[in-house]
Amino acid sequence: MRPPASEAELMERAREWAGWPLAAIAAECGVQVPADLRRAKGWIGQLLEAALGATGSSLPEPDFPGIGVEMKTLPVNEVGQPQESTYVCTAPLDGSLGTRWEASWVRRKLSRVLWVPVAMGSSLGERRLGQALLWSPNAEEEGLLRTDWEEHAATIALGELWQLDARRGRALQIRPKGASADSTTWTLDDEGEWTRAQAIGFYLRASFTGGILARNFRLPKG
DNA sequence: ACTTGATCATAC
DNA sequence: GTATGATCAAGT
């Protein structure tokens, strides 16, 4: 699938898939549907990348580099409320994170996002796509993200990692990110010594993404 | 019931 | 290990 040349073309494709069960999309894309997501947690995201014409999913760039759009699938219940948080990116602990929101990876990644709701269903293949929403944060949303990010960044800059906790942040939280609790990365601690710490990342709370979808969500037609 | 902390697959 | 894609499942 050729990458979309414009946002309009991307939205056109997303509209065509809206309402489709995942099994039908997988068939069109020549992909097998796994029994469940336990050993394939990223499967839906990768399927939609193929269906919409995103480029390689392991590259450190937007899903649609030509038009600067990031895509995120969002598991939602029958009322359109997200059932999970949304991973944004890792939080580097080696000093490269900085303290300027304007220069942050989080801000860049969230500047333009295609949210693709995926309704829950009795089986993975029966789950249906909702209508996608092309989003940029409004002033209120960006202010919320900025406040949270600056608080986390300050804690990390001070090397006070023990203060990091998923309870902090109204919209943007910090949680572990890795293959397991043993996944670590280098960090400069509060006494200026290099040590290893658990790898962590930025996540959007379901309540925040729920607010975004609430402006636009509708159930796919049967 | 809901959130936090842990985990799974794959490419490089 | 770091990036991509996320959801699982223990804890409260």
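FYI, side chains are in, hydrogens and waters are out, and symmetry mates aren't considered; it's all heavy atoms of this structure. In what follows, chains carry the letters A, B, and so on, assigned in the order in which the sequence lines appear, proteins first and then strands, with residues in each chain numbered from 1.
A heavy-atom distance below 4.5 Å is found between the side chains of A:Val116 and A:Met71. A:Leu204 is listed as a side-chain neighbour of A:Leu145, based on a closest heavy-atom distance under 4.5 Å.
Judged purely by distance below 3.5 Å, without hydrogens or angles, the side chains of A:Arg175 and A:Ser85 pair a donor atom with an acceptor atom. In this structure, a donor-acceptor pair under 3.5 Å is present between the side chains of A:Trp135 and A:Glu141.
A residue-by-residue look at A:Gln83 and A:Asp182 shows that A:Gln83 has its nearest nucleotide of DNA chain B further toward the 5' end.
Following rounding to the nearest Å, A:Arg205 (CZ) and B:dG5 (P) show an atom-to-atom distance of 10 Å. Across the protein-nucleic acid pair, A:Leu204 atom CG and B:dT4 atom C1' stand 16 Å apart, rounded to whole Å. Summarising the geometry, the separation between CH2 on A:Trp115 and C1' on C:dG5 is reported as 14 Å, rounded to the nearest angstrom. Separating the CD atom of A:Gln81 from the C1' atom of B:dC2 is a distance of 13 Å, rounded to the nearest angstrom. Distance, A:His152 NE2 to B:dT4 P: 11 Å, rounded to whole Å. We find that CG of A:Asp165 is positioned 11 Å from P of B:dA6, with the value rounded to whole Å.
Classification of the A:Phe202-A:His152 ring pair by plane angle, with boundaries at 30° and 60°, yields tilted.
Listed by chain and residue number, A:Arg167 satisfy the salt bridge (charged side-chain N to carboxylate O under 4.0 Å, His left out) test with A:Asp165 (two or more places apart in sequence, or in another chain).
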Does A:Glu16 form a salt bridge (Lys or Arg N to Asp or Glu O under 4.0 Å) with A:Arg13? I'd like the steps, not just the answer. CA-CA 5 Å; A:Glu16 288 171 359; A:Arg13 290 184 188 178; over 6 Å; no
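Proximity of A:Ser183 to the phosphate of B:dA6: no side-chain N or O atom is located under 4.0 Å from OP1 or OP2.
A cation-pi contact links A:Arg108 to A:Trp105, judged by a cut-off of 6.0 Å to the six-membered ring centre and 45° from its axis. Geometrically, A:Arg196 engages A:Trp186 in a cation-pi contact defined by less than 6.0 Å to the ring centre and at most 45° from the axis.
Taken residue by residue, residues 190-202 of chain A places no heavy atom nearer than 4.0 Å to DNA chain C.
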Which nucleotides of nucleotides 6-12 of chain C have their base under 4.0 Å from a protein heavy atom (B), which only their sugar-phosphate (S), and which neither (-), written as one string 5' to 3'? BBBS---
